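Report on the following structure.
Computed from a predicted model, the values in this text were never measured in an experiment.
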Amino acid sequence: MSRVFDINGVKIGGGNFVLIAGPCTVESEAQIREIAERVKESGAGILRGGAYKGRTSPHDYQGMGEEGIRLLLQARKTVGMPVVTEIVSADHLPQFDDVDIIQVGARNMQNFELLKALGRTDKFILLKRGMSNTLRELLLSAEYITGEGNDKVILCERGIRTFETSTRFTLDLSSAAALREMTDLPVVVDPSHAAGRASLVEPMALAAAATGVDGIMIEVHNDPANALCDSAQALTPDQFDSVARKIRKIREVVIG
């Protein structure tokens with residue numbers, strides 16, 4: 001049984017399951033507010049939204065930065081949900097003072113100086129597994145944070161790079177289940193980044209729910225076709241609502 005974290009009234013771990021939902025990146029005040037309202041209505045407990053985006057290509061959209069954080073926090077105030085957003089540099093830490101959960105993306109899983117800096121904070125940290133990293137390496141990265149005094153770490157399986165090219169990554173659900181035996185830290189799964197296609201998010205999310213993980217994180221956009229980042233994998237609010245209902249049914253079976 002994983003430990004329980006209480007994130008401003010939203011519990012995760014120890015039998016407490018949470019849906020995390022929102023857009024890949026914050027694009028405008030109206031966009032993030034509408035999505036926040038819709039995903040909360042569908043049962044999401046935590047709002048996600050990128051302000052800083054670590055992208056493979058320097059030519060891709062990098063996010064709104066500090067203004068994106070401001071809009072995300074404004075949406076939090078409107079809907080009353082904790083928020084999670086990604087950090088890409090320790091230099092940005094002062095901008096995250098009011099953020100509930102700081103996400104470390106897959107590319108920064110072994111950015112050890114960043115991890116140590118986060119370990120000296122009192123923030124909840126969502127640590128994503130690197131695309132080519134083992135579970136041992138993921139847990140050692142978590143220890144860089146906990147070793148500095150911050151034990152509020154949530155682990156995230158988001159797919160690994162294999163020889164398969166028909167999906168963006170390969171969602172390693174066996175490792176998600178194994179993590180629950182290896183550590184008492186809460187474990188969440190991100191099927192959106194693994195699948196890379198909206199049509200695959202639902203079956204992967206339902207499969208993840210069946211493993212008994214502590215949470216599932218899904219990208220939701222009110223206009224996926226025109227999203228500035230990762231449009232192919234974003235669900236519409238209506239699609240998310242349908243998936244959320246099915247996840248709850250599977251959870252009822254899993255928990256007996």
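Note on residues 210-228: pairs passing salt bridge (Lys or Arg N to Asp or Glu O under 4.0 Å), not counting sequence neighbours, are R48-E219. Here salt bridge (Lys or Arg N to Asp or Glu O under 4.0 Å) pairs that include residues 177-192, with residues two or more places apart or in two chains, are R3-D184, K128-D190. Residue pairs that meet the salt bridge (Lys or Arg N to Asp or Glu O under 4.0 Å) test with at least one member in residues 154-168, sequence neighbours left out, are R129-E157, R168-D230. Within the structure, salt bridge (Lys or Arg N to Asp or Glu O under 4.0 Å) pairs that include any residue of residues 89-104 comprise R76-D100 (at least two apart or interchain).
Side chain of D6 to backbone of G9: a donor-acceptor contact under 3.5 angstrom is found. In this structure a side-chain-to-backbone donor-acceptor pair under 3.5 Å is present from S42 to R38. Put simply, the side chain of T78 gets close to the backbone of Q74: a donor and an acceptor are under 3.5 Å apart. Side-chain atoms of T211 never come within 3.5 Å of backbone atoms of A177 as a donor-acceptor pair (strictly under, hydrogens ignored). Judged by distance alone, the side chain of N222 and the main-chain N or O of P237 form no donor-acceptor pair under 3.5 Å. With hydrogens and angles disregarded, no donor-acceptor distance shorter than 3.5 Å links the side chain of S242 to the backbone of Q239. At distances below 3.5 Å, not a single donor-acceptor pair connects side-chain atoms of E143 with backbone N or O atoms of L138. Checking side-chain atoms of Q95 against main-chain N and O of H92 turns up no donor-acceptor pair under 3.5 Å. Side-chain atoms of S2 come within 3.5 Å of backbone N or O of G14 as a donor-acceptor pair. Between the side chain of S231 and the main chain of N226, no donor-acceptor pair closer than 3.5 Å is present.
Evaluation of the ring pair (Phe, Tyr, Trp, His ring centres under 6.0 Å) rule for F240 yields no partner, not counting sequence neighbours. Y144 meets the ring pair (Phe, Tyr, Trp, His ring centres under 6.0 Å) test with F112; sequence neighbours excluded. Taking the salt bridge (charged side-chain N to carboxylate O under 4.0 Å, His left out) definition, one finds that K246 meets it with E202, sequence neighbours left out. Every residue was checked against the ring pair (Phe, Tyr, Trp, His ring centres under 6.0 Å) condition with F17, not counting sequence neighbours, and none meets it. Applying the salt bridge (charged side-chain N to carboxylate O under 4.0 Å, His left out) test to K116 and every residue at least two apart in sequence or in another chain returns E113. For E86, the salt bridge (charged side-chain N to carboxylate O under 4.0 Å, His left out) test picks out no residue, with sequence neighbours left out. Qualifying salt bridge (charged side-chain N to carboxylate O under 4.0 Å, His left out) partners for K40, counting only residues two or more places apart in sequence or in other chains: none.
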Evaluation steps, salt bridge (Lys or Arg N to Asp or Glu O under 4.0 Å), between R70 and E66: CA-CA 6 Å; R70 187 187 71 80; E66 190 168 8; over 6 Å; no

Check against side chain to side chain contact (heavy atoms under 4.5 Å, CB included), L126 and V104: CA-CA 6 Å; L126 178 70; V104 178; over 6 Å; no

Verdict with reasoning, L127 to L115, per side chain to side chain contact (heavy atoms under 4.5 Å, CB included): CA-CA 9 Å; L127 179 62; L115 299 180; 4.1 Å; yes

Test side chain to side chain contact (heavy atoms under 4.5 Å, CB included) applied to F96 and T85, step by step: CA-CA 9 Å; F96 287 72; T85 192; 3.5 Å; yes

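More than 12 heavy atoms of other residues, nucleotides or ligands lie within 6.0 Å of CD in E67, so this atom counts as buried by the packing criterion.
Salt-bridge annotation for R248 and E252: absent, with no side-chain N of the basic residue lying under 4.0 Å from a carboxylate O of the acidic one.
For the 3.5 Å distance criterion, the side chains of D172 and S174 qualify, holding a donor opposite an acceptor.
Other cluster members for F169: M131, joined by side-chain heavy-atom distances under 4.5 Å among Ile, Leu, Val, Met, Phe, Trp and Tyr.
Nearest heavy atom pair, residue V254 against residue G212, reads CG1-CA, 4.1 Å.
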